[in-house]
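Since the structure comes first, as structure tokens, the remarks are kept for the end.
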Amino acid sequence: MVVGAAITRGGRLLVQQRAFPADAEGRWELPGGRVDPGEDDRAALARECREELGADVAVGDPVGPDVPLKPDLLLRVHTAELAPGSPEPTAVEHRALRWIAPTDLDALDWLPADRALIPALRALLT
């Protein structure tokens, strides 16, 4: 399982731009990563956001469908908000971060799995 965070604030969504690997460089995605053995989705997502963003998040409910990445691997996205007292997110492992409006969703060059979630993300932001 891979988990992603739909982190929202003030009607905007936090997205990050990949720095590597070469085939994904410059494309946009939601923060997140792999669930470690014995770890649940929410704990994994909180850990990944600390590692990738230097920020603490409160993880909410799943949003949108699970997206197949490989025959034995799914992407599950949860809603999230910055936890009270959290540092502002920074691009620790990525090229850039942006807070985007719903009108920006279609304009980004998304990774395919994240692009599949645009309808659910749009509904979340409106």
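Positions are given from 1, in the same order as the sequence printed here. Everything quoted here is computed from the prediction, not taken from an experiment.
- If you chain together hydrophobic residues whose side chains sit under 4.5 Å apart, I118 and L74 never meet in one group.
- Here the side chain of R27 pairs a donor or acceptor atom with the backbone of W110 at under 3.5 angstrom.
- By the criterion of side-chain heavy atoms lying less than 4.5 angstrom apart, applied directly or through intervening Ile, Leu, Val, Met, Phe, Trp or Tyr residues, L30 is grouped together with V2 in one hydrophobic cluster.
- Interatomic distance, R50 CZ to S86 OG, rounded to the nearest 0.5 Å: 10.0 Å.
- Nearest heavy-atom pair across P31 and I7 is CG-CD1, 4.2 Å.
- In the hydrophobic clustering of this structure, W99 groups with V57; members are Ile, Leu, Val, Met, Phe, Trp, Tyr whose side-chain heavy atoms approach within less than 4.5 Å, directly or through other members.
- Between the H94 side chain and the Q17 main chain, no donor and acceptor come within less than 3.5 Å of each other.
- Taking the side chain as every heavy atom from C-beta outward, M1 and D41 approach each other to under 4.5 Å.
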Only distances under 3.5 Å count here; give the side-chain donor-acceptor pairs of residues 64-73 to other protein atoms, sequence neighbours excluded, each with its distance to 0.1 Å.
residue: D66; atom: OD1; partner: R76; partner atom: NE; Å: 3.0
residue: D66; atom: OD2; partner: R76; partner atom: NE; Å: 3.3
residue: D66; atom: OD2; partner: R76; partner atom: NH2; Å: 2.7

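- Across E93 and A19, no two heavy atoms sit closer than the pair O-CB, 4.3 Å.
- Counting only residues at least two apart or on different chains, the salt bridge (charged side-chain N to carboxylate O under 4.0 Å, His left out) pairs with a member in residues 113-126 are D106-R122.
- Taking 4.5 Å as the limit, every side-chain heavy atom of R12 sits out of range of all side-chain heavy atoms of L125.
- G54 and P87 get closest at one heavy-atom pair: O-CG, 3.5 Å.
- Shortest non-hydrogen contact noted between R34 and R47 is O-NH2, 3.0 Å.
- Smallest separation of non-hydrogen atoms from L53 and Q16: CD2-OE1, 3.6 Å.
- Here the side chains of L117 and L75 are in contact, with some heavy-atom distance below 4.5 Å.
- Listed by chain and residue number, nothing satisfies the side-chain hydrogen bond (donor to acceptor under 3.5 Å, both in side chains) test with E48 (two or more places apart in sequence, or in another chain).
- Contact check for D61 versus R42: side-chain heavy atoms found under the 4.5 Å cut-off.
- Placement of V15 and L97 in two distinct hydrophobic clusters is found when ILVMFWY residues are connected by side-chain heavy-atom separations under 4.5 Å, directly or transitively.
- Distance OG1/T8 to CD1/I100: 12.0 Å, rounded to 0.5 Å.
- Between the CG atom in L13 and the CG atom in L121 there is a gap of 5.5 Å [rounded to 0.5 Å].
- Closest approach of L45 to G32, counting heavy atoms only: CD1-CA, 4.1 Å.
- Side-chain atoms of T79 never come within 3.5 Å of backbone atoms of A6 as a donor-acceptor pair (strictly under, hydrogens ignored).
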